[in-house]
Amino acid sequence: AQSVSQHNHHVILSEAASLELGCNYSYGGTVNLFWYVQYPGQHLQLLLKYFSGDPLVKGIKGFEAEFIKSKFSFNLRKPSVQWSDTAEYFCAVMPWGIKAAGNKLTFGGGTRVLVKP
Amino acid sequence: DVKVTQSSRYLVKRTGEKVFLECVQDMDHENMFWYRQDPGLGLRLIYFSYDVKMKEKGDIPEGYSVSREKKERFSLILESASTNQTSMYLCASSPLTITDRELANYGYTFGSGTRLTVV
């Protein structure tokens, strides 16, 4: 079974600082990779996803993530954060090729990011 | 846009009560999921369903059951609520995709969550 590890539970930074959130997964085969965001009081939203091809993936709101297959990592980055980026961020993986019976996502523990104005 | 609607935003129940959490999606998705979200543990899959009357256990099914009598509705049932089931419960849906490219395009759609407190 697959598992996902997010290195930091809490990150506090100031506006305009750069953000990098670590994500490592454990799975013996090929995976699809996702980053979700949950803003305070809102539902989970998809930030970006890696399916195949270019390992550098760009998502919404200036976020990007890089898939490094040799390191089983999919780290999320943003060069300059804003107060509105305060949220909880979740990394998730789904095994490639399992299409029927659920397409199960496995999530990491989440990272709470607080951006101070 | 796909909408996944969870009937209650907040619930408070007593230990031993039978609890029903309801989820409805309006885009004819085959797959539906129930997760619970706890601080530091992220989202953990309780049960999922890929068709009417079909259900599969997730990673933490103990103490829960589900019902899917209609395609658009997926109910989570706590047969006898306990305090360790106090949590945020999230419902999600996705289409039954044929290819991974389709899946990558659609992903999951989540509801707003039900925060359940068992006292």
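Every chain is numbered from 1, with letters handed out A, B, ... down the list of sequences. Scope of the values below: all heavy atoms of this structure, side chains included, with no hydrogens, waters or symmetry mates.
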Structural part of Gln38(A) lying under 4.5 Å from a heavy atom of chain B: side chain

Show your working on ring-ring contact (aromatic ring centres under 6.0 Å, His included) between Phe67(A) and Phe51(A) and close with a plain yes or no. CA-CA 10 Å; Phe67(A) 172 49; Phe51(A) 162 68; over 10 Å; no

Residue of the set Tyr89(A), Tyr36(A), Trp35(A) for which ring-ring contact (aromatic ring centres under 6.0 Å, His included) holds with Phe63(A): Tyr89(A)

Segment of Arg44(B) engaging chain A (4.5 angstrom heavy-atom cut-off): neither

Honestly, the part of Leu43(B) sitting under 4.5 Å from a heavy atom of chain A is both

CA sep, side-chain torsions, deciding dist, call: Leu116(B), Thr86(B), side chain to side chain contact (heavy atoms under 4.5 Å, CB included): CA-CA 5 Å; Leu116(B) 173 67; Thr86(B) 292; 5.9 Å; no

Identify which part of Gln6(A) has an atom lying under 4.5 Å from any heavy atom of chain B, answering side chain, backbone, both or neither. neither

Quick check: do Glu22(B) and Arg73(B) have side-chain heavy atoms less than 4.5 Å from each other? yes

